[in-house]
There are 2 protein chains.
Amino acid sequence: MPYNALARRLACCFPLDEDDLRAIDRLCAVPRRRVAARREFLREGDRPGQVHILLEGWASRLVMLPDGRRQITAFHLPGDILWRPMGDVRMDFSILALTPAMVVPIASGAFEPFVTAHPGIAMALATQDRVAEAVQRRWLVNLGQRTAFERIGHLFCELHHRLDAIGLAHENSFAFPVTQVELAEATGLTPVHVNRVLRDMRLQGLIDLEHRALRILQFSALAQRTLFDPAYLEPHGPLRLA
Amino acid sequence: MPYNALARRLACCFPLDEDDLRAIDRLCAVPRRRVAARREFLREGDRPGQVHILLEGWASRLVMLPDGRRQITAFHLPGDILWRPMGDVRMDFSILALTPAMVVPIASGAFEPFVTAHPGIAMALATQDRVAEAVQRRWLVNLGQRTAFERIGHLFCELHHRLDAIGLAHENSFAFPVTQVELAEATGLTPVHVNRVLRDMRLQGLIDLEHRALRILQFSALAQRTLFDPAYLEPHGPLRLA
DNA sequence: CGCCACTTTGAAGCACTTCAACATATGTGG
DNA sequence: CCACATATGTTGAAGTGCTTCAAAGTGGCG
């Protein structure tokens, strides 16, 4: 892992040269912010003046309704842009750490000129943005059209694919710090029902989930039964394996 | 209506001067594309080389699953950007006209330099993009957390707000070309259930919907019962009424 | 006029929720 | 290291919001 998580992620989105990668490393060489697990470190209504990048750990993006209902609208992995200021726009969601996390806040006044000066990086950022948009669209399809089993299974496949791309999955297994309550908040189900679906998946030999670690035992079967097609995660066609 | 729909929409997002507005008008003064109602005029898998802007009519953004399930992920109104090419990224959704529509295709090679040359317009476009993102996030919250009544009512409030901003609503009523089947595809419900919810709304005196025209009879009651808060549609604070 | 798309209603079924209780991990201070 | 508190996971039984299936009614348009 020569470069940081952002550099590795952007390199997946658009071909970057050594200069670009080193520049990203230098850009992120500013004081970082350690965040404890379960802390809400960016809040709805805030107007942070810095770009916030997740360098280590998982985070969730949450929208709360006034009556207490909660919807997680995204899971963020290392290298994700959590927030990029624009004019005086307020955040309409919160960001919560799911694990101990490391975040870099970079002043807009430093970030935007940096992007302008590096066209390749600008392109990679734009592509990353497109993929994030496609992911959110897919979640919408999940909630609107899929059964509980399909929603959860599809999410597992998506996370595996994203983690694998940044080297955080091995042999179809990966750290999975999401509780059943959070899984329910992300899939629009009740925690009780999430629990029953997970039991079924285990009984069918599809997954193994314990101690915050998930192993997908039969990836192709799960992908098929949840209609998972990774095309939306691969803007430039499928990854070539070396 | 001195300027076209795009100019009026962008002016809502960021203050533009006369020069900017005239420039947008000129940019759109290229051959247009008339599209018949119900036609799918941009397709999943396509890689259109032009920016596609909706100037007149309504359109829907649709994702189809291989087994035929359909999810509408957005309703597009005049002034919306339907597609903006980026690298060689493919569309992962289709665009369908809901009414007879007018679309301007503008070559990327003309559009992007134009944006660069007009910082105000670039800002307005970025803001419009943010709002579109927030709308999609809200739809996710709708599907994940809300009941059928809330989903449909919230959508009515959102569309009223967006149409009102561009002068297409009068006295809480507006053209509403969406069929019950399409409403079902957008809200993740069955057409049958949509029909029953609409009946209840009518019986409660909340709405009047017939002949493709919707009037919201009790806006504040509907907004309250569907937890509608327009903040996500107003990046720069609530509109000031003259 | 007659077709086809759209709307409406009823009755039965089921995926998921709700409520309640218990079991098992995780963390904390003594 | 144990005692205890709290968060997380698990299971059962009953309820319901929405779906499914089926059929009939309505309206726009050639």
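Nothing here was measured: the structure is a model prediction, and the numbers come from that model.
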field: Base of C/dT17 paired with side chain of A/Arg69 (donor-acceptor, under 3.5 Å)
entry: no
task: Write down the distance between NE2 (B/His193) and P (D/dG17), rounded to a whole number of angstrom.
output: 9 Å
- prompt: Cationic tip of B/Arg138 within the cone over B/Tyr232's six-membered ring, i.e. under 6.0 Å and within 45° of the normal?
  reply: yes
- request: Check the distance between C/dA15's P and A/Arg151's CZ and give it to me in whole angstrom.
  value: 13 Å
task: Consider the side chain of A/Thr147, meaning its heavy atoms from C-beta on, and name the nucleotide among D/dT19, C/dC16, D/dT10 that approaches it most closely.
output: C/dC16
field: Minimum-distance nucleotide (side-chain atoms of A/Val192 versus D/dC21, C/dC16, C/dA20)
entry: C/dA20
task: Quickly, which of A/Thr187, A/Thr226, A/Val194 forms a side chain to side chain contact (heavy atoms under 4.5 Å, CB included) with A/Arg151? Name it, please.
output: A/Thr187
- request: Output yes when B/Arg202 and B/Asp208 qualify as a salt bridge under the 4.0 Å nitrogen-oxygen rule, no when they do not.
  value: no
hbond_proxy A/Arg38 side chain to D/dT8 base (donor-acceptor, 3.5 Å cutoff): no
message: Check for me whether the distance between the ring centres of A/Phe176 and A/Phe156 falls short of 6.0 Å.
response: yes
Residue A/Thr179, side-chain heavy atoms: nucleotide from D/dT8, C/dT18, D/dT19 that is nearest: D/dT8
query: When we call it a touch if two heavy atoms are under 4.0 Å apart, what does B/Arg202 touch: a base, just sugar-phosphate, or nothing?
result: sugar-phosphate
- request: Under 4.0 Å between any heavy atoms, over every strand shown, what does A/Arg212 touch: base, sugar-phosphate, or nothing? Just pick one.
  value: sugar-phosphate
message: So A/Leu198, base contact, sugar-phosphate only, or nothing? Heavy-atom distance under 4.0 Å.
response: nothing
message: Measuring to OP1 and OP2 of D/dT10, would you say a side-chain N or O of A/Asn195 lies under 4.0 angstrom away?
response: yes
task: Measure from CG on A/Leu183 to C1' on D/dT8 and round the result to the nearest Å.
output: 13 Å
task: Rounded to the nearest angstrom, tell me the gap between atom CE in A/Met201 and atom P in D/dT10.
output: 14 Å
- prompt: Does the pair B/Asp46/B/Arg90 count as a salt bridge with the N-to-O cut at 4.0 Å?
  reply: no
message: Counting the atoms with a prime plus P, OP1 and OP2 as sugar-phosphate, which does B/Arg199 contact under 4.0 Å by heavy atoms, base, sugar-phosphate, or nothing?
response: sugar-phosphate
- request: Take atom CD1 of B/Ile152 and atom C1' of C/dT7, then tell me their distance rounded to the nearest Å.
  value: 14 Å
field: Length of the line joining B/Leu209:CG and C/dC6:P, which is rounded to integer Å
entry: 14 Å
task: By nearest nucleotide on DNA chain C, pick out whichever of A/His211 and A/Val194 is the more 5' one.
output: A/Val194
task: In whole angstrom, give the distance that lies between atom CG of B/Leu143 and atom C1' of D/dG17.
output: 16 Å
message: Output the rounded distance in Å from CZ (B/Phe176) to C1' (C/dC6).
response: 14 Å
